[in-house]
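First the structure, in the form of structure tokens, and then the observations on it.
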Number of protein chains: 2
Amino acid sequence: MQSLHQKKYRQRHDVFLVEGGKSVLELLRSGVAAESVYCTPEFAAQNRAKLAAGPPPVPVSAAELAQLGTLATNTTALAVARRPPETPLPPALPQTALLLALDEVRDPGNLGTLIRLADWYGLPGVVLSDTCADPYAPKTVAATMGSFARVRVWPRDLPAWLGTLPAGTGIYGADLHGQNVHRAALAPAGVLVMGSESHGLTAAVEARLTRRLHIPRGPGGGAESLNVAVSAAILLDNFFRGT
Amino acid sequence: MQSLHQKKYRQRHDVFLVEGGKSVLELLRSGVAAESVYCTPEFAAQNRAKLAAGPPPVPVSAAELAQLGTLATNTTALAVARRPPETPLPPALPQTALLLALDEVRDPGNLGTLIRLADWYGLPGVVLSDTCADPYAPKTVAATMGSFARVRVWPRDLPAWLGTLPAGTGIYGADLHGQNVHRAALAPAGVLVMGSESHGLTAAVEARLTRRLHIPRGPGGGAESLNVAVSAAILLDNFFRGT
């Protein structure tokens, strides 16, 4: 079990760890295949009907759960799940819906928060550059708060993939010198690309943008930038406010 | 130095750790007192003028920086700083400006991201319930990306403090059953209270709200909630869009 903490092992075996009762129940509800479920007798008693959707749970103590997983405390449940097979990403999708694309988002907490955000806005999925954190790392899965079971992810060579999109597809990115997002007429279609926490978009991705958007800073504001999930949230709220 | 990782020691000594070159330079620029600065010779050579604002830097290797601090890698600099003395919080402040108040935000990464967000919007400061994470914990400071040096924090018994505000002060909170934030006429004055990641606002704080705001979910969205910093960002963008 300890070896599931390592990305190489997770990929070879196509399995990943789901920690915490809420996430385990989301997993079982979603139809993503659960290989095994471990939980405390208390959690099993409280969630008998929901747990029936998965393999018979193995009773363990909270101390054993913490031992098996990566969380310092887990008093409820843990599951080993099988990575869902990748579904096709139709090239015409960004003409009817908004996709989120992430360029070198290496922090698993930020990646998980962004997947949760994509789920909140009902986006069809998230395209990940090869240099993003692993969407199935324990910290990523935990930060999605259950959304990992609903949001599709498509790992791609991001600049190359952006190059395959039909002409006229809106490719949006945050840029301090872009248009004020409050004054932009936005509809939720195209691709919103968010860059890494420290370096912004890579040059090859930046070159593919068709529109640059700027989040206005408050009067007297001092910070040079915002967290990547925070920026994505503000932009998405602006994309969806007309809907 | 290792003992600075512990909250009890940090409070007794009134000092805290600042890790990473960017944060150390923000510290020196801010006027918050730096007790000592450790950096690699490369960093010292590149930042001679900016480092002159602090005590003479002690040259150390990147391996020594990682040893002294909490980050897995730190190839630039680390400082030990003195907690700035608390400045008074005028009770009438929320009538002229918007304050952020946090109720049981226990995750230091979220707290730091919220302090950075407050800095982006130029808020006068952040009021913290006694149950929030330590604003000077290394993970909090790192997540502020330098904003720790500019944003004032006021630890308070939050429900009691809210009770001292003049009648008519707007006290705003996020609530799934609140008014759609896109249709609310909002000006940046009053107090925006954000609750914990898992449990929302505590009952005593909830009872003090004068307005409840709801962030609309996207069509077909599945997530039940948003990360606390993400929610605060969307609400703040809505408070400031008329300014």
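Side-chain atoms are counted along with the backbone in the values below, which use heavy atoms only and exclude waters and symmetry mates. To find a chain, count down the sequence lines: A is the first, B the second, and so on, and within it residues start at 1.
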Taking all atoms of both residues into account, what is the closest heavy-atom pair of B/I215 and A/W120, and its distance? O-CZ2, 3.1 Å

Which of B/A143, B/A223, B/G122 touches chain A most, by non-hydrogen pairs under 4.5 Å: B/A223

Filtered by a 4.5 Å non-hydrogen cutoff, the part of residues 187-194 of chain B contacting chain A is none

Atom group of A/R150 that falls short of 4.5 Å from chain B, counting heavy atoms: side chain

Which residues from residues 176-183 of chain A are near chain B, with near meaning under 4.5 Å between non-hydrogen atoms? A/L176, A/H182

Which of these, B/T113, B/V230, B/N110, B/L114, sits in a side chain to side chain contact (heavy atoms under 4.5 Å, CB included) with A/N227? B/T113

Side-chain touch A/P219/B/F240, heavy atoms, less than 4.5 angstrom: yes

Any idea which of A/L235, A/L236, A/I234 has the most non-hydrogen atom pairs under 4.5 angstrom with chain B? A/I234

Using a strict threshold of under 4.0 Å (side-chain N to carboxylate O), is an ion pair present between A/R116 and B/E224? no

My understanding is that only residues two or more places apart in sequence, or in another chain, count here; which of them pass salt bridge (Lys or Arg N to Asp or Glu O under 4.0 Å) with B/K50? none

What pairs with B/F43 under ring-ring contact (aromatic ring centres under 6.0 Å, His included), at least two apart in sequence or on another chain? none

Under 4.5 Å, counting heavy-atom pairs only, tell me which of A/G220, A/G221, A/G222 racks up the most with chain B. A/G222

For each of B/P216, B/G146, B/G112, B/S147, tally heavy-atom pairs with chain A at distances under 4.5 Å, and name the one with the top tally. B/P216

